[in-house]
Amino acid sequence: MEKTFDSKAIEQRIYQNWEAKGYFKPNGNKDASTYCIMLPPPNVTGSLHMGHAFQQTIMDTLIRYRRMNGDNTLWQAGTDHAGIATQMVVERKIAAEEQKTRQDYGRDAFIDKIWQWKEQSGGTITKQMRRLGDSVDWTRERFTMDPGLSKAVQEVFVRLYQEDLIYRGKRLVNWDPKLRTAISDLEVENKEIKSHMWHLRYPLADGAVTNEGKNYLVVATTRPETMLGDTAVAVNSNDPRYKDLIGKFVLLPLVDRRIPIVGDEHADMEKGTGCVKITPAHDFNDNEVGKRHNLPMINILTEDACIREEAEVFNTNGEPSTEYSTYIPEEYRNLERYAARKAILAKFEELGLLEKTEDHVLQQPYGDRGGVPIEPMLTDQWYVRASILAKPAIEAVEDGRIQFVPKAYENMYFAWMRNIQDWCISRQLWWGHRIPAWYDEKGNVYVARNEEEARKLNNLGADVKLRQDEDVLDTWFSSALWTFSTLGWPEQTRELKTFHPTNVLVTGFDIIFFWVARMIMMTMHFMKDENGNSQVPFKTVYVTGLIRDEEGQKMSKSKGNILDPLDMIDGISLEELVTKRTGNMMQPQMAEKIAKRTRKQFADGIEAHGTDALRFTLAALASTGRDINWDMKRLEGYRNFCNKLWNASRYVLMNAENKTITRPDAKDLTLADRWILSRLQIAVKDLRSALDNYRFDQAASVLYEFIWNEFCDWYLELTKPVLWHGSDVNKNATIHTLLRVLETLLRLAHPIIPFITEEIWQNVAPLVVDNFKADSTIMLQDYPAYEENLVDSKVMSQLDFIKQLIINVRNIRVEVQVGPSVKLNALLKATEEDAATTSANIDFIKALANLESISVLAADAEKPLSITKLIGETELLIPMAGLIDKDAELQRLDKEIAKLVGECDRINKKLGNESFVAKAPANVIDKEKEKLAGYTAQLNKLKEQYQSIKNL
RNA sequence: GGUUGCUUAGCUCAGCUGGGAGAGCAUCUCCCUUACAAGGAGAGGGUCAUAGGUUCGAUCCCUAUAGCAACCACCA
């Protein structure tokens, strides 16, 4: 074996073997319990980021753990077509390479182009998942636009429509003028921007005047350009300044539109001027006001947010209306919205109608994909009546059929679900599931699984021309069906029956609303058990935090702080890293800054750490669902840990080499052997409990602690005296124990660090596993079970004493500055038990503490001048008359005595406190008393030592 | 504006139902000892954000404050 673990070469070889042998498939055991995790489908053309690596490490750990437990285990994987994101990528690509738009291509050709792109780049992320060691059943990989899944989407749409849970309507939606599509509320991000508040004068009509005698009202607005679509001015009905004007009219400047003054609670007397311009077609609040007052809606914008040549006028129900003129002054026509704003403000100024301009900070809604301000826009869209579907979905979490880990996220879920708005599911895109609705020439709509069915169901003859709805569905519509569509629904497949409901969903909190909530709603509506009760999609939602950079910043391309998990695994040179971070940027001006920072932070690039180190780090950081600030040091530490395990294994294998090792008699085991076997059981117990409770951080620390601090630091050292000087039976017993413990802990650690454990196991298992089969794999071995009867607490306390003894000798060496190579003589004034332990294990003690001799003094023996330490009630003495630095030793003892006196005082005070004695529980009082007794005994011995040294 | 979470060693974070705080990294000292210098043996380091309260006892429970973060809503 090499001195270090060559992760790159070994990992890929191992993974290929696993996959080729079909180890990732369910075992099909009908008697076993089933365990299923659905991979949140990543964007098919995307690539792996830290969040994926994090979540997948957790999923793979759970899956491997369950698989080793014998469960019939399925990790279902697949990818998402990611409608907007993918379409944008391809649009950018054809723009850059061919100077073409999707319209140049035409719908069908453009979609073909996307499919080509998908074929070409679609494998990236699944390849990366393989590098992570993900044990997903690749034979069942799915894609949201597969025929099967598309059928599920269609079926769900049609059924929901038939149940009146999907409807079409002309409503105000969040419109992305760059992508020219509607988006859902969730896809809107508010950004704080500096802008202005403009106060505009609207002249009163019919000679009306305000209380103050003015012949105009002043409205305050941040969006003056929308005034072209105003259909009212609202004032508060209780506002003494204006209430008399309610029912009168203003004459809207520029278009001379006579519009009413209405009284509405929306107008806040405290804010602005108290008068609000009402633009029902371009503002959500105004739209509500419009409904309350039966106001017409005037759409003045095109789908790319330019001023129309002619407005569209609708009545309050969205039907075309002639109540107002569609006239728009020529000077504003076709102006982009912000140019229009400028022009309109200029005109108001010119007319003397711009009363004032104030600085104003406002939250402006932006499309999360397009990155431009969204525009509330009056369009025909499809909606899901989410509030109805939400009801059972809320109940399922309330009554615990679905549990969130950490639980705190349930509140977030409830808050959103209890106030859920209808979900706009149509998108004016080309890439996605086309809406299965057809229109005849009169505009009647027919929803069906296909055109033929539409005709048949509605008795439409061949002479009726039908055209399919142009729009596609929101990507999240198909992802919402993920748990059952991937298993074959609407067919009643065996997989669906076996694996649904699934067990755990591992995902980020950022998509609880986008995905988790909608998945629960859709699944519970469509999936029923044999009794007709709703099935949940999963029983547990494990919510991870976000992985941020070392400064706590979100990782993003534009910030140039992205870390690629593959680079942590394989390493990357500085130049490549800089190129990667600065290449293909949306804002090239940032490139220099990013390059500079990257060069500073990663002066030597990134070293290869191996998959296992990355996975172990991610597990160790997975604590409470909090965000994680990524720390390269942590990764290095755990890479060292993997190396430690590797070298410990080398030690074990070197000692087992060319020897016939047989199962030893129990009596031939040394104390150290028996101790590590006990200690191993405790690790097994702790690790199982950590994994059962989704505490991957605890699992990692149990492994780290056991492997490094117990197995390597103590046990391996304790085996050396046996292997070098011990009897043959002891040697055999110790080597056997080394192999047995190593083999067990490899299985224990395998779910988190699969590669290194497999590689070592292949060498260790043949030496210790009964009936070892040549082509077996660690991933299908039994996960270690806790065996309580193997835990010997007496052995553990004996070894604990030995450890303390050795540590104290080492401490003395440092205190008196005697190097570790100098052999010392030690004496003990020991309790009967400690004396027995010492003499039975004298070789261990002598070897690890590097002692020439150690002997137990008789109870009444004179104590020679020594440096002395206390181990419980036993005194350790190192006679070293000439070596003692009297002052230093006295000082040290002083310090220790003072500390103990302090402790004793505190406890005495506590025990003297009447209310403490009266009210504290008995066991707490006993504990304090015990402590006091112990401290007092120690104190006395220390004082004795102090005296003897002082008398020197 | 509302909600939730966070504030513990220089850094990153654990700390289960209240009984005088732990890890890794970093720092300091000594050691290339036949598994490992990506190592070994030791050491130092904390008013548990602040102020009140409940309690015999508070890092933990309650209230308020400050700072940070996220989410939701809204600002015409």
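- Between L614(A) atom CG and A38(B) atom P the separation is 21 Å, expressed in whole Å.
- The pair E189(A)-K191(A) does not count as a salt bridge, with every side-chain nitrogen at least 4.0 angstrom from each carboxylate oxygen.
- When the P atom is compared between C60(B) and C74(B), the two are found 38 Å apart, to the nearest whole Å.
- Nucleotides U8(B) and U3(B) are separated by 25 Å at their P atoms, to the nearest Å.
- Using a 4.0 Å heavy-atom cutoff across all strands shown, Y638(A) reaches no nucleic acid atom at all.
- Nucleic acid contact class of C642(A) (heavy atoms, under 4.0 Å, all strands): none.
- Here A37(B) presents its C1' atom at 19 Å from CH2 of W646(A), a figure rounded to the nearest Å.
- Contact annotation: N640(A) side-chain N/O to G39(B) OP1/OP2 distance is under 4.0 Å.
- Residue contacts for A408(A): at a heavy-atom cut-off of 4.0 Å it reaches no nucleic acid atom on any strand shown.
- Taking atom NZ of K191(A) as the reference point, atom C1' of C71(B) lies 17 Å away to the nearest angstrom.
- Rounded to whole Å, atom P of G42(B) lies 13 Å from atom CG of N850(A).
- Between the C1' atoms of A64(B) and U29(B), the separation comes to 48 Å (whole Å).
- Mapping I806(A) and A234(A) onto RNA chain B by nearest heavy atom places I806(A) closer to the 5' end of the strand.
- Applying the 6.0 Å contact sphere to NZ of K931(A) captures more than 12 heavy atoms from other residues, nucleotides or ligands.
- Residue I807(A) is in sugar-phosphate contact alone, with no base atom involved, counting any heavy-atom pair closer than 4.0 Å across all strands shown.
- When the nucleotides G19(B), A38(B), A35(B) are ranked by their closest atom to the side chain of C712(A), A35(B) comes out on top.
- For the residue pair Q698(A) / S701(A), no side-chain donor-acceptor distance below 3.5 Å is found, with atom types taken as modelled.
- Within the nucleic acid shown, A267(A) comes within 4.0 Å of at least one base atom, counting heavy atoms only.
- D713(A) comes within 4.0 angstrom of sugar-phosphate atoms only, judged by non-hydrogen atoms across all strands, and of no base.
- Contact annotation: R634(A) side-chain N/O to C25(B) OP1/OP2 distance is not under 4.0 Å.
- Rounded to whole Å, the separation between the P atoms of A49(B) and A58(B) comes to 15 Å.
- Nearest to the side chain of R810(A), among C75(B), G19(B), A41(B), sits A41(B).
- Minimum atom distance to the side chain of N190(A) is reached by C74(B), of the listed C74(B), C56(B), C36(B).
- Between the base of A35(B) and the side chain of E717(A) there is a donor-acceptor pair shorter than 3.5 Å.
- Using a 4.0 Å heavy-atom cutoff across all strands shown, M654(A) reaches sugar-phosphate atoms only and no base atom.
- Between R650(A) atom CZ and G39(B) atom C1' the separation is 12 Å, expressed in whole Å.
- Protein atom OH of Y651(A) is 16 Å distant from nucleotide atom C1' of G39(B), rounded to whole Å.
- Judged by Watson-Crick or G-U wobble contacts below 3.5 Å, the nucleotide G45(B) has no partner.
- Checked by distance alone, R639(A) brings a side-chain donor or acceptor within 3.5 Å of a matching partner on the base of A38(B).
- A donor and an acceptor atom, one from each side chain of D549(A) and N629(A), are nowhere located under 3.5 Å apart.
- The phosphate of G40(B) (OP1 or OP2) has a side-chain N or O of W708(A) nearer than 4.0 angstrom.
- Distance CG (D286(A)) to P (C75(B)): 9 Å, rounded to an integer number of Å.
- For the pair K644(A) and G40(B), the criterion of a side-chain N or O lying under 4.0 Å from OP1 or OP2 is met.
- Using the Watson-Crick or G-U wobble rule with both distances under 3.5 Å, A70(B) pairs with U3(B).
- Across the interface with RNA chain B, nearest-nucleotide mapping of N913(A) and N647(A) shows N647(A) to be the residue nearer the 5′ end.
- The side-chain tip of K720(A) points at the ring of Y651(A) from less than 6.0 angstrom away and within 45° of straight on.
- Pair assignment for G22(B): C13(B), on the basis of Watson-Crick or G-U wobble contacts that are both within less than 3.5 Å.
- Looking at N709(A) and Y704(A), their side chains never bring a donor and an acceptor atom within 3.5 Å of each other.
- Taking the ring axis of W630(A) as reference, the NZ or CZ atom of R548(A) does not stay both within 45° of it and closer than 6.0 Å to the ring centre.
- Phosphate proximity of G15(B) to R695(A): present, with a side-chain N or O under 4.0 Å from OP1 or OP2.
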Check against ring-ring contact (aromatic ring centres under 6.0 Å, His included), F404(A) and Y409(A): CA-CA 6 Å; F404(A) 281 70; Y409(A) 285 106; 7.4 Å; no
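- When both pairing distances are held under 3.5 Å, A64(B) makes a Watson-Crick or G-U pair with U50(B).
- One can place CG of N629(A) at 15 Å from C1' of G5(B), the figure rounded to the nearest angstrom.
- The phosphate of A35(B) (OP1 or OP2) has a side-chain N or O of K720(A) nearer than 4.0 angstrom.
- Pairing of A35(B), defined by two Watson-Crick or G-U wobble distances under 3.5 Å, is not identified with any nucleotide.
- Separating the P atom of A38(B) from that of C25(B) is a span of 14 Å, rounded to the nearest Å.
- In summary, the side chains of H725(A) and D843(A) do not present any donor paired with an acceptor at a separation below 3.5 Å, with no hydrogens or angles considered.
- Look at the C1' atom in both G46(B) and C11(B): the space between them is 14 Å, to the nearest Å.
- In this structure, N811(A) reaches the A43(B) phosphate: one of its side-chain N or O atoms is under 4.0 Å from OP1 or OP2.
- Here the separation of U59(B) from U7(B), taken at their C1' atoms, is 12 Å to the nearest Å.
- T221(A) comes within contact range of the sugar-phosphate backbone alone, with a heavy-atom separation under 4.0 Å but no base atom that close.
- Only the C1' atoms considered, G15(B) is 36 Å distant from A73(B), to the nearest whole Å.
- Not one side-chain nitrogen or oxygen of K633(A) sits closer than 4.0 Å to the OP1 or OP2 atom of C25(B).
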